[in-house]
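What follows is a short report on a single structure.
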Amino acid sequence: MAKKKFVVGCFDDEATLFPAVKKVRTAGYKIHDVYTPFAVHGLDHEMGLRETSLHTAGFIYGITGTTTALSFISWILTYDWPLNIGGKPHFALPAWIPIIFELTVLFAAVGMVLTFCYLCQLSPFIKKHHFHARATDDLFVMVIETTDKTNVEDLKAFLSNAGAVETDVQIAEEGWWLGRYDKDQVPFQNKIVAA
Amino acid sequence: MSSIKEQFEIPAKLKTWSYALIGVGLLALIVGFITKGRGTEEEQAVFIGTIMYNTIFWTLVTNASMFFICITTLAMGGWQQSFRRIPEAISTMVPIFGSITVVVLLYVVFSGNHHIYHWLDTNAVASDEILKGKSGFLNVKFFTIWTLLAVGLWSLLGWRMRQLSNEADVAAFNGETGPSFIWRNTVRAAMFTVWFALTVGSTVPWLWLMSLDAHWYSTMYSWYTFASSFVSGMSLIALWVIYMKNKGYLEYTNEEHLHDLGKFMFAFSIFWTYLWFSQYMLIWYSNQPEETLYFKHRVQGVYKGIFFLNLIINFICPLLILMKRSTKRNYTLVTFMAVLIIFGHWIDFYQMVMGSISKEHVTLGWLDFGILSLFVGLMILFVAKALAKKPLIVKYHPFLKESIIHHT
């Protein structure tokens, strides 16, 4: 829960955002994140983010569901409580496939949603700093982490040069915290943006 | 545009290979005719059945290419435009393979070969309530007309679709001609798709394949056949795209497009399995003798190995290998999977047809692979020729840019 100093640059167009991201990265600055109103194709690639491992997690959850269903049904119907259903063999695999499939999907789906929320730090009672209110409306907000050596004014000028329509400096929590916005921090810190 | 290699020149190696494959195939055909084609009625049925499932398989697989163009057109898809000429070229095989199919099937029907189609036996039909009930559909006249219509209209409507795409080579469209071009594409694609649904999606597999077991029926059968041919068709498109990329063509096509082709291969492998299982489970569960007869010699008889090999190749392998994103973007792995899938569905067609014609013996052998090589050779040769006829890029297609910047 360390507070950090961030430089925030706001862009109003995808077309200026992409070259700006590239320029900022080649200049050696570290991008904390880019907040966009909608999913921007190829931005993750441009930012150099690594491939998400969410699908691997999903696969593991799915396999878990398959194994759970298969072992549980086969234990019940062949060992614990065998029943004669229409003269079928006790180990009636084809009849179980739909249930095994459903449990695979259920495990994979629920597991992936929860993992996704965890990776994005989304949860009830979890708070995160909002860098700009219009990031959910019409602005692409690029947040850059600074160190002691960063010349903030230089960086702001650099961002404006790259096409940012608005720049500022914020000191904020970089991760999440447990708590309430009204108590710990006003979400947008007096930044009532003029429309 | 100047640096784009628009014109495909057929490499000498490709010609040599295709001629060699065709030569092997013709040799197998002749030897097969001498050793089996003049033998007992059962042997003749095996000989003709072998040609039959190969020609039906390749007709449907190449026809799936035109279906791919039409559905992506109807869905206003743009991503396929950079390699659109590949499925177009593959679909030019429909008249060729279709004619072979028509000849083979009409020969079977008019020679009254009831070892292949039991419903051709008029004495049997007369004393059989089930066959009598089906005789309005399963009769020589309807079979002939519908087969000719099916192949004829696939060829005609596909040809019209290809003709339309020629306009995109000539001159740029403007605000007026562009939308009208897209609209005409939509109309022609819709016509093909409707006819495709009435044939491949329903009646043609019933007539050509399901009627091999004249008493049996399954409502899943046509979709099953369609899924089989479509997933092989997508694999074939992927193979040609990769081949052309290797030869330095299709500069606008990259792993983003390959990824989407891989998704089609993956998704329709799963779809095929879904139908395979739905058909199997319902029949297994209800356990009615008139329905289980189809699976009897496939699951418990000599075809057991092939039947389950089929499931492993066409379901387990694509599921585990094609699931990963990096696989679908890897040229080598997609090539491997495409070959595997086409082979797997060829095996599928093999057991669909020969499992009914030769219930007691698995006939898979040199003749099958020989005839396969004949069709593969023909396909390679004629698709390459069709590719060389037109520019590889639909230069002025309104959606081409969408394909160039395509991103998955």
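In the text below, chain A, chain B and the rest are named by the order of the sequence lines, each starting its count at 1.
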With a cut-off of 6.0 Å (strictly less than), are more than 12 heavy atoms of other residues, nucleotides or ligands near [atom1] of [X]?
{"X": "A:Tyr118", "atom1": "OH", "result": "no"}
{"X": "B:Glu360", "atom1": "CD", "result": "no"}
{"X": "A:His55", "atom1": "NE2", "result": "yes"}
{"X": "A:Phe38", "atom1": "CZ", "result": "yes"}
{"X": "A:Phe101", "atom1": "CZ", "result": "no"}
{"X": "A:Phe18", "atom1": "CZ", "result": "yes"}

| query | Taking all non-hydrogen atoms of both residues, which atom of A:Ala95 and which atom of B:Met281 are closest, and how far apart? | reply | CA-SD, 4.3 Å
| request: Provide the closest heavy-atom pair for B:Tyr280 versus A:Pro94 in the form atom of the first, atom of the second, distance. | output: CE2-CG, 3.9 Å
| What distance do B:Arg325 atom CZ and A:Thr56 atom OG1 have between them, rounded to the nearest 0.5 Å? | 12.0 Å
| query | Say you draw a straight line from NE2 of B:His407 to NE2 of A:His45; how long is it, rounded to the nearest 0.5 Å? | reply | 6.5 Å
| query | Considering only heavy atoms from C-beta outward, does the side chain of B:Ser326 approach that of A:Glu51 to under 4.5 Å? | reply | no
| Under the 6.0 Å and 45° cation-pi test, does A:Lys88 pair with B:Tyr285? | yes
| query | Considering only heavy atoms, which portion of A:Phe59 lies under 4.5 Å from any heavy atom of chain B: side chain, backbone, both, or neither? | reply | side chain
